[in-house]
J.: 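Can you keep this structure in mind? I'll have questions shortly.
Reminder, nothing fancy here: chain letters follow the sequence lines and each chain counts from 1. Computed from heavy atoms alone, side chains included, the values below leave out hydrogens, waters and symmetry copies.
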Number of protein chains: 2
Amino acid sequence: MATLKELAKSLNVSISTVSKALNDAEDIGEETKRRVKELAETLDYKPNKFALGLKTKHSKSIGVILPDIQNPYFAEVLYGIEKAALEAGFDTLICVSNESYQQEVKSVRMLTENLVDGIIISIAKETLNLKDFQHLTNLKAKKIHLVQFDRVSPDLACDSVQIDDQESVKNATNQLIKSGKNKIALVSGLGSLNVAKNRIQGYKAALKENGISKNIKLLEVDGVDKTHVQFKNFIKQNTFDAVISIDNKSGIIFQNIMQHYFPERFKKVKIISFIHEKDALLTSPPLNFINQRGAEIGILSFNLLKQRITEKEKNKTIRKEKIIASINFQ
Amino acid sequence: MATLKELAKSLNVSISTVSKALNDAEDIGEETKRRVKELAETLDYKPNKFALGLKTKHSKSIGVILPDIQNPYFAEVLYGIEKAALEAGFDTLICVSNESYQQEVKSVRMLTENLVDGIIISIAKETLNLKDFQHLTNLKAKKIHLVQFDRVSPDLACDSVQIDDQESVKNATNQLIKSGKNKIALVSGLGSLNVAKNRIQGYKAALKENGISKNIKLLEVDGVDKTHVQFKNFIKQNTFDAVISIDNKSGIIFQNIMQHYFPERFKKVKIISFIHEKDALLTSPPLNFINQRGAEIGILSFNLLKQRITEKEKNKTIRKEKIIASINFQ
DNA sequence: CTGAAAGCGCTAACAA
DNA sequence: TTGTTAGCGCTTTCAG
């Protein structure tokens with residue numbers, strides 16, 4: 001790897017001249033700049049990140065902490081973040097908390113040691129339950145900016161991006177009602193997450209608006225892996241003409257179980273689910289879906305973070321972006 | 001963050017003494033070491049990575065390049081790698097190539113600039129087709145070690161870890177045959193990947209061994225997103241009593257389409273699929289699955305890499321690990 | 001056994 | 001307009 005020193009020697013100028021030329025300093029002659037930049041280009045000069053970090057105390061990189069990389073929604077958000085970060089010339093360090101508080105603390109620590117300029121996080125379930133956010137509030141003192149998405153804690157004073165869960169589910173429910181359904185069940189595999197509460201509220205609000213609150217039917221589980229029997233019993237014991245699934249798996253499972261055990265009843269049921277467009281094609285017929293717009297959320301999160309990183313004046317106003325999900329009936 | 005300088009001042013010794021004490025150098029008194037370490041502990045001293053990297057030219061970190069983070073198999077391998085790396089005190093930088101050659105080249109470059117000690121990669125489809133591995137062969141000159149997994153190119157002289165695809169599918173096929181099936185179809189969404197070729201070979205080998213080569217039935221597509229119609233036609237036009245899916249989606253889709261359009265025929269068909277245990281529960285009844293043992297592959301890959309990084313004598317022998325998949329009938 | 005000093009590659013006063 | 005220099009935090013050689 002070429003260094004400033006080598007460039008300087010080749011061009012018979014000083015190291016600082018080269019440095020300044022590459023950084024387009026005011027006080028360097030145009031001709032010199034041209035020569036320096038040309039040689040830098042041909043030698044494929046890249047500044048040494050370690051020297052830079054040591055000097056400047058920041059790294060032009062950001063950290064991302066995801067609760068679960070296996071969830072395609074998070075993977076999609078990550079895609080958006082990386083894309084935006086790459087374009088802006090930032091490296092991205094990715095950590096996965098696996099929903100664990102301890103792991104999240106470790107991740108924050110690792111990112112801090114790597115002098116990231118900011119962190120984008122969706123908080124782990126365990127952390128949310130513990131309500132212990134010290135590892136995150138500490139970041140302010142270290143001048144590391146923080147943006148939350150999706151799993152947003154109101155206790156944290158920082159920018160955030162999320163789907164308007166309540167409004168989105170209310171919309172979806174209303175659409176089902178308009179299409180003639182009035183016995184709508186809701187299935188959740190999200191446990192006690194706030195996200196779940198908001199989505200369920202949206203569902204209830206829609207039923208209430210339409211005067212069918214008595215038809216509320218909820219199936220709530222925490223994780224869907226071993227819940228086939230619960231699903232089957234729920235189907236057996238309840239009548240419904242539509243189902244809303246508010247996580248990324250229960251809709252698929254629900255449809256498949258129903259099709260398998262209750263094929264006749266299934267024909268009259270409309271299911272809509274919070275899943276990725278691609279996963280909607282895993283079932284036959286394909287599932288209707290609520291698009292969480294992960295990539296957009298990722299891009300938006302990065303842009304908020306970048307603004308904080310680059311703005312000189314501290315702007316105290318906290319930005320809370322809410323996106324409405326789009327709803328797709330197949 | 002505490003620095004050596006601060007420790008030195010507090011203890012009234014020189015910076016170099018502190019440095020040596022923390023690194024357990026031979027020539028420092030036991031008592032001094034104890035005092036230094038104690039203070040370092042209480043002040044939570046962590047060496048500055050940038051200073052270290054600048055000095056030593058390596059970073060105690062590794063890079064991982066995955067073709068697709070949305071594939072739960074890769075996510076699981078990543079989990080294994082991170083776990084092993086964390087225990088060994090290495091940071092992990094993760095890149096996603098999205099199956100793109102250009103992105104892969106960029107990722108290698110980024111990792112190189114970050115002075116990773118080694119890279120674990122599963123090569124992008126596009127790169128494999130282009131057969132252009134220069135960005136990877138270059139790594140040797142930079143003393144960055146390389147380990148491949150899963151998508152292994154024989155053109156690259158480096159350690160590798162993979163499922164024994166041929167043997168694994170042969171096993172699975174034989175088990176189906178033993179259970180009385182003899183019209184076994186194979187479905188692939190993997191396009192022209194080597195992995196697919198090997199798996200198909202295993203399937204053919206098993207049929208041949210059992211004298212039923214005439215029953216070969218293949219459905220090959222590249223990506224499964226918009227192939228419902230192809231799947232349906234295939235089912236309509238062929239008779240089979242079992243199906244092997246060699247990617248992480250086609251099995252699920254196949255079962256669901258069959259259950260939807262051909263429920264009677266479906267009852268007599270046994271399906272086995274290359275998917276994660278959790279995804280096996282997306283369908284009803286659950287899918288039989290071939291366990292690719294992603295976490296183990298991740299751990300093994302990291303351990304190979306770590307050996308290369310830490311060994312002083314260059315060992316020229318290339319290690320090619322092959323793991324046999326386990327097969328789970330539900 | 002301990003310390004002084006050089007240097008990794010870079011930036012940014014300050015001098016010329 | 002360009003160059004000199006100090007210093008970021010660390011390791012390591014060499015001197016004491």
J.: Could you check how far CD of A:Glu113 sits from C1' of D:dG9, rounded to whole Å?
T.: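 A:Glu113 atom CD is separated from D:dG9 atom C1' by 14 Å.
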J.: Rounding to an integer number of Å, can you tell me how far B:Lys49 NZ sits from C:dC8 P?
T.: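 So the two atoms are 24 Å apart, to the nearest Å.
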J.: How about B:Ser97 and B:Gln103: does a side-chain donor come under 3.5 Å of a side-chain acceptor?
T.: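 Per modelled atom types, B:Ser97 and B:Gln103 side chains form no pair under 3.5 Å.
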J.: Verify whether one side chain among B:Asn114 and A:Asp91 offers a donor that lies under 3.5 Å from an acceptor in the other.
T.: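 The criterion, which ignores hydrogens and geometry beyond distance, is satisfied for A:Asp91 and B:Asn114.
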J.: In whole angstrom, give the distance that lies between atom NZ of A:Lys5 and atom P of C:dG7.
T.: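 Those two atoms, NZ and P, are 8 Å apart.
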J.: Please give, in whole Å, the distance from D:dC10 P to B:Leu22 CG?
T.: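 Atom CG in B:Leu22 sits about 9 Å away from atom P in D:dC10.
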J.: Measure from NZ on A:Lys9 to C1' on D:dG3 and round the result to the nearest Å.
T.: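 Going from NZ in A:Lys9 over to C1' in D:dG3 covers 17 Å.
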J.: Given D:dT1, is OP1 or OP2 found less than 4.0 Å from the side-chain N or O atoms of A:Thr17?
T.: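 False: A:Thr17 side-chain N/O out of range (4.0 Å or more) of D:dT1 OP1/OP2.
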J.: For B:Val13 and B:Ala51, find the nucleotide of DNA chain C closest to each by heavy atoms; which residue's nucleotide sits nearer the 5' end?
T.: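 So the residue in question is B:Val13.
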J.: I'd like to know if B:Asp24 pairs up with B:Lys33 as an ion pair, taking the criterion as any Lys NZ or Arg NE/NH1/NH2 lying under 4.0 Å from an Asp or Glu carboxylate oxygen.
T.: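 So B:Asp24 pairs with B:Lys33 through a salt bridge.
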J.: Please report the distance, rounded to the nearest Å, between CD1 in A:Ile28 and P in D:dT4.
T.: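 Computing the A:Ile28:CD1 to D:dT4:P distance gives 13 Å.
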J.: Is A:Asp44 salt-bridged to B:Arg109, cutoff N-O under 4.0 Å?
T.: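 Yes, charged N to carboxylate O under 4.0 Å.
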J.: Rounded to whole angstrom units, what separation is found between the CZ atom of B:Phe50 and the C1' atom of C:dG7?
T.: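 Distance check: B:Phe50 CZ to C:dG7 C1' gives 19 Å.
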J.: In terms of side-chain heavy atoms, does A:Gln162 have a donor or acceptor partner in A:Arg151 at a distance below 3.5 Å?
T.: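 No, no side-chain donor-acceptor pair sits under 3.5 Å.
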J.: B:Glu26 has an atom CD; how far is it from atom C1' of D:dT13, in whole Å?
T.: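 So the two atoms are 16 Å apart, to the nearest Å.
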J.: When you match A:Asn48 and B:Glu30 each to their closest nucleotide on DNA chain C, which lands nearer the 5' end?
T.: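 Here B:Glu30 is the residue nearer the 5' end.
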J.: Is it the case that the side chains of B:Thr17 and B:Ser14 hold a donor-acceptor pair, with the cut-off being a distance below 3.5 Å and no angle test?
T.: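 The answer is yes; a qualifying pair exists.
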J.: Run the salt bridge (Lys or Arg N to Asp or Glu O under 4.0 Å) test on B:Arg34 and B:Glu38 for me, step by step, so that the C-alpha distance in whole Å, both residues' side-chain angles and the decisive distance to 0.1 Å come before the verdict.
T.: CA-CA 6 Å; B:Arg34 209 194 43 68; B:Glu38 191 178 289; 3.0 Å; yes
J.: Quick one, give me the B/S/- string for nucleotides 11-16 of chain C, reading 5' to 3', where B means a protein heavy atom under 4.0 Å from the base and S means that only happens at the primed atoms, P, OP1 or OP2.
T.: BBBB--
J.: Please compare A:Gly29 and B:Leu54 by the position of their nearest nucleotide in DNA chain D and report the one closer to 5'.
T.: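 Checking each residue's closest nucleotide, the 5'-ward one belongs to A:Gly29.
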